[in-house]
Each structure stands twice: as C-alpha cells, then as structure tokens.
Amino acid sequence: MTQLFLPLCVACLALVFTSAAPPPTTQTAEVAIPDRCDGIEFDAITPDEQGKHLFFKDGFLWKGFRGPAQRVAESFSDIGRVDAAFRMHREGSTEDHDHVYLFQDEMVFRYFNQTLQDGFPKKVEQEFPGVPCHLDAAVECPKGECSADSVLFFKGSEVHHYDVATQTVKKKEWPEVPPCTSVLRWMEHYYCFQGNNFTRFHPVTGLVVGAYPKDARAYFMTCPNFGHGSGDHKLPLCSEVKLDAITSDDAGKTYFFTGSHYMRLDTIRDGKHAFPANRMWPEVAGGVDAVFSYQDKMYFIKGDQVFIYLSGAHYSLIEGYPKTLQEELGVQGPVDAAFACPGDHTAHIIQGDQMKDVDLSATPRTVTKATTLRHAKVDSALCGPDGLKLFVGGSYYEYTATSELGAGQVERLPSPITPSMMACRRD
C-alpha cells in the first residue's frame, strides 16, 4: 500500500545568534499526491450518476480510468476519507435511484450530482438496518443479476446481502473471494479489489472462474506499459464494424456480437467494452451466426445448431441443447441473421436475400412464409418498439414493419454506425 503523507506544520524556531547568524526559517512538508499507476490499494470505487467511475484513496479521488487525482473535498465537500461506496439501483424510486452512497466509519452520506441529500449523514444502521459499520466495501446488485435489487456489503471475510425492498440481510462467506478493500460492478461483472489486484466473482454464489487475481493497472486505468494503458489498443473504425448478431431480451438488455466477443449496449453510460462471449454463454465460444430473443429465452444459431438459454439473473443453457436447426426451427443452415419482434410469435430467419418466417408457437416448427428481400446480404437484424434495423457492414437500414422488407418496397437509404451506438471511432 502506498503511504500518503499529509501536510505537516513545523513551528518556527527563533534562535539568537551573533549578528552573522541566518534568520529563522519555516519548513512545510509538501503533500504527496498518490499515483494510481504505482499500484496503490483503493479504499472505494463506484460509478456516479453519469456512469463515470470514481476511485477513492485516502483524501484523494480519481474520476474515470485516466487522469490525475484531486482532493475528495473538491467534489464531495462534506466528507474526506471514504471507506466504501456504491451507486444505488432501484428503478422506479425517485428517492434514491442512482444516488451515490459514501461510507466513513459508522456514518453514511448520500449524494446526487455531488450534493449531499437532506437528512444525511446518518448512522449506517439507520439507513441500512442489520448492516455493520466500519465497512471495507460495498456494491449494488440489480434485479436480474441478483434475485432482487440488492446491495452487497463487505467486512472482513463476511458478505452482507441487503435486499433493498424488504431491508433484510443475509450473511455469507465466500472462500474463493479474498477480503475486498473495494468492489466494483461494471458491465454486469463484479470485481473485488485487494491491493493493486482484482478478482472477478459471481454476485450470488461468490464463485470465481478463471485465472485470478489480475493486475488492475492493466484493465481499470491508463498506465504506461500496462495492458489497455500501453496505448497499443485502438477502437475499430465505425465503417469497418461488422455485427454478426444483435438482440434485446425481455428484460431490455441489448447485446451485439462480433467475432468471439459481445458488448452490452443498454448500459452504455457506464462505458463501452467488449467481453469474450464465452464468459456469459460458455457453450458458444468462437462466435455465432445469429441470435434472437423470445419469451425469456435467447436463441443462438451457430452453424447447423441452435443453443437456447434461459434469461434470468444469469443465462443458463436449457437441458438437451444444442439441437439441430432442422429439428428446432425447421430450416437448414447456414443462417446470416435472425430476429423476433416483441410480442410476436414469429422468428424471421434470413439466408442471403431470403427471409423465412417460422411460427414459434407451433409444434413442430415449420416455415410459414418466404420473402425475397431487397438486400442481397444482411449481417444482423434487431426488432424493437422503435422499429426494425437491418445491419449491413458499417451501415444500417431502418424500417417500421417486416412488410417493408420485400424487394418491391420503397428503397431505404443507409445510415452509418456511429461511436454513440457502438465502440468504434469515426473515419
């Protein structure tokens, strides 16, 4: 742990010498501003209301993954040192959703837009009954990742799982997770920080999968000669983006897939980052041809096979899968793209310039309609409340209904994929 030196006042000493003696002097030690690339141990980490990550160390604060430190008091005037922090997730609540909670000893401070809210600070036990004070770390866990909107509080080897709605606490111990000095939820993943290392864990079971710990400087900050901070990584040009698949599940989570990686788009304020698809869907490593969502399930098409996953806190492959395309959907491969519109029981399977409609409510499933498209090739497609998008290379075409896709319909002009949509850079 890097030692932080605070200002030290030294009294002036007046000494009487001969007339040749030097005058008395005053000495003041300079404040040592920590450098997170030195491998320091953070006290707390949390996203703010805008999705920018805040890193706390002693009385200092970093905003985002790059840049110098500033004093905590410059942004949060009522608190200096921070022991733990998290951003509340409780959609539908105007009282505390997206508010930032900072903990110090036995007190908790609640902020919105860096303004301390009325009635705070409070004792931790007043705001979170059953949760201990002098916490080491805290992190939010939204419904869908935990069984209900929750907060995980860490103290020593203990994890206190706090249900936001019922205000009940369940105490757990996760032997695979080291004692955390700070915890961060980012892009549906949970990270326990200890020293300058981190360990990714499951927020319900505490299971750790993969080779951990890893050095945080290679992933969560821009440091010379460390991973993403080396300067070698560049985002692709938007015109070069090719989406292999894109879908939104019934919970509103939107994913796109390219190669062996995926990115979640509906959490874009918290950053844009691609992850290996086998982290979430281990059976479809190496890329997919098409993905669509239907009735709390995600259908992955890879070659001549279909993998169906149950949506929920975490995706799980349904027993008995994969099955062949012919057996599951009544079509032969290969498939270029697929989509299903919300509330509809039809899967639209695109192969070259042909779109085949499959009735998902029928048994067995067979093709009920075939349409010749005005597009010779489609990479991926997404249907949602705002209409239909067909992606072709670095562009997309917008339609209001599937009936507009036929070869004889009015031609649509393409729109370019932009950095605000995907993790790419302008040409």
Side-chain angles (χ1 to χ4, degrees), residues 1-2 34-48 50-57 60-69 84-87 136-141 145 152 154 174 176-203 206-236 255-256 258-265 267-280 282 285 314 419 422-425:
M1 181 183 297
T2 300
D35 181 352
R36 54 180 164 181
C37 291
D38 287 341
I40 65 176
E41 183 174 81
F42 294 110
D43 296 328
I45 309 173
T46 184
D48 66 10
Q50 308 303 319
K52 179 169 288 188
H53 290 87
L54 309 178
F55 296 78
F56 296 88
K57 175 62 180 177
F60 291 92
L61 163 68
W62 291 262
K63 294 184 177 182
F65 297 140
R66 54 180 58 85
F86 76 93
R87 184 184 68 188
D136 295 323
V139 68
E140 70 279 10
C141 187
E145 296 170 26
L152 307 179
F154 296 76
W174 291 334
E176 295 185 33
V177 180
C180 308
T181 59
S182 56
V183 178
L184 172 65
R185 170 186 175 264
W186 186 52
M187 309 296 286
E188 301 181 279
H189 298 291
Y190 292 76
Y191 302 92
C192 164
F193 288 77
Q194 185 185 50
N196 62 287
N197 294 319
F198 71 92
T199 298
R200 184 167 64 89
F201 66 93
H202 191 292
L207 184 66
V208 174
V209 178
Y212 290 96
K214 296 180 180 179
D215 196 314
R217 291 170 290 183
Y219 297 87
F220 290 97
M221 58 202 79
T222 304
C223 295
N225 304 318
F226 280 94
H228 295 75
S230 65
D232 296 332
H233 177 71
K234 286 186 178 181
L235 294 174
Y255 301 95
F256 84 74
T258 179
S260 60
H261 287 68
Y262 81 93
M263 181 179 292
R264 186 170 167 186
L265 300 182
T267 58
I268 210 163
R269 71 167 180 169
D270 290 337
K272 293 175 282 189
H273 197 285
F275 295 96
N278 60 5
R279 281 194 183 183
M280 193 79 74
H314 294 273
M422 312 289 179
C424 61
R425 55 193 172 93

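Keep in mind that what you see is a predicted model, and the values were worked out from it rather than measured. Throughout, residue positions are numbered sequentially from 1 according to the sequence presented.
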>> I need the K63 NZ to D48 CG distance, nearest 0.5 Å.
In response: 7.5 Å
>> My understanding is that only residues two or more places apart in sequence, or in another chain, count here; which of them pass ring-ring contact (aromatic ring centres under 6.0 Å, His included) with F56?
In response: none
>> How long is the straight-line distance from NE2 of H53 back to CZ of R87, given to the nearest 0.5 Å?
In response: 7.5 Å
>> Holding to side-chain contact (heavy atoms from CB on, under 4.5 Å), I want the full list of residues that pass it with P276, two or more places apart in sequence or in another chain.
In response: H261, N278, R279
>> When you compare the side chain of N196 with that of D215, does any pair of heavy atoms fall below 4.5 Å?
In response: yes
>> Less than 4.5 Å apart, side chain to side chain, heavy atoms only: is that true for F65 and F55?
In response: yes
>> Between D35 and C37 (side chain of the first, backbone of the second, donor and acceptor by atom type, cut-off under 3.5 Å), is there such a pair?
In response: yes
> Any idea which heavy atoms bring T46 and A85 closest together, and the distance?
Replying inline: CG2-CB, 3.7 Å
> Would you say the side-chain atoms of E176 pair up with the backbone N or O of L207, donor to acceptor, closer than 3.5 Å?
Replying inline: no
> Which pair of heavy atoms, one from E41 and one from Q194, lies closest together, and at what distance?
Replying inline: OE2-C, 4.0 Å
> Between Y219 and W186, does a ring pair (Phe, Tyr, Trp, His ring centres under 6.0 Å) hold up when you go through it step by step?
Replying inline: CA-CA 12 Å; Y219 297 87; W186 186 52; 9.7 Å; no
> If we only count heavy atoms from C-beta on, is the L152 to P203 side-chain gap below 4.5 Å?
Replying inline: yes
>> Is the ring pair F220/Y191 parallel, tilted or perpendicular, if the boundaries are 30 and 60 degrees?
In response: perpendicular
>> Run the side chain to side chain contact (heavy atoms under 4.5 Å, CB included) test on T199 and V177 for me, step by step, so that the C-alpha distance in whole Å, both residues' side-chain angles and the decisive distance to 0.1 Å come before the verdict.
In response: CA-CA 7 Å; T199 298; V177 180; 5.8 Å; no
>> Which label fits Y262 and H189: parallel for a plane angle under 30°, tilted from 30 to 60°, or perpendicular past 60°?
In response: tilted
> What's the shortest heavy-atom distance between P213 and N197, and which atoms?
Replying inline: CB-CB, 3.7 Å
> Quick one: side-chain contact (heavy atoms from CB on, under 4.5 Å) partners of S182, sequence neighbours excluded?
Replying inline: F42, I45, F193
> Which word best sums up how the rings of Y190 and F201 line up, parallel for under 30°, tilted for 30 to 60°, or perpendicular for over 60°?
Replying inline: tilted
> Considering all heavy atoms of both residues, which atom of C180 and which atom of A137 are nearest to each other, and what is their separation?
Replying inline: O-CB, 4.1 Å
>> How close do C192 and P178 get, counting heavy atoms only, and between which atoms?
In response: SG-O, 3.4 Å
>> Assess the residue pair F154 and V139 against the criterion (side chain to side chain contact (heavy atoms under 4.5 Å, CB included)); give the C-alpha distance rounded to whole Å, side-chain angles, the decisive distance to 0.1 Å, and a yes or no.
In response: CA-CA 9 Å; F154 296 76; V139 68; 4.0 Å; yes
> Can you name the nearest heavy-atom pair linking K57 to W62, along with the distance?
Replying inline: CB-CZ3, 3.5 Å
> How far apart are the C-alpha atoms of E188 and R264, what are their side-chain angles, what is the distance that settles it, and do they pass the side chain to side chain contact (heavy atoms under 4.5 Å, CB included) test?
Replying inline: CA-CA 9 Å; E188 301 181 279; R264 186 170 167 186; 2.7 Å; yes
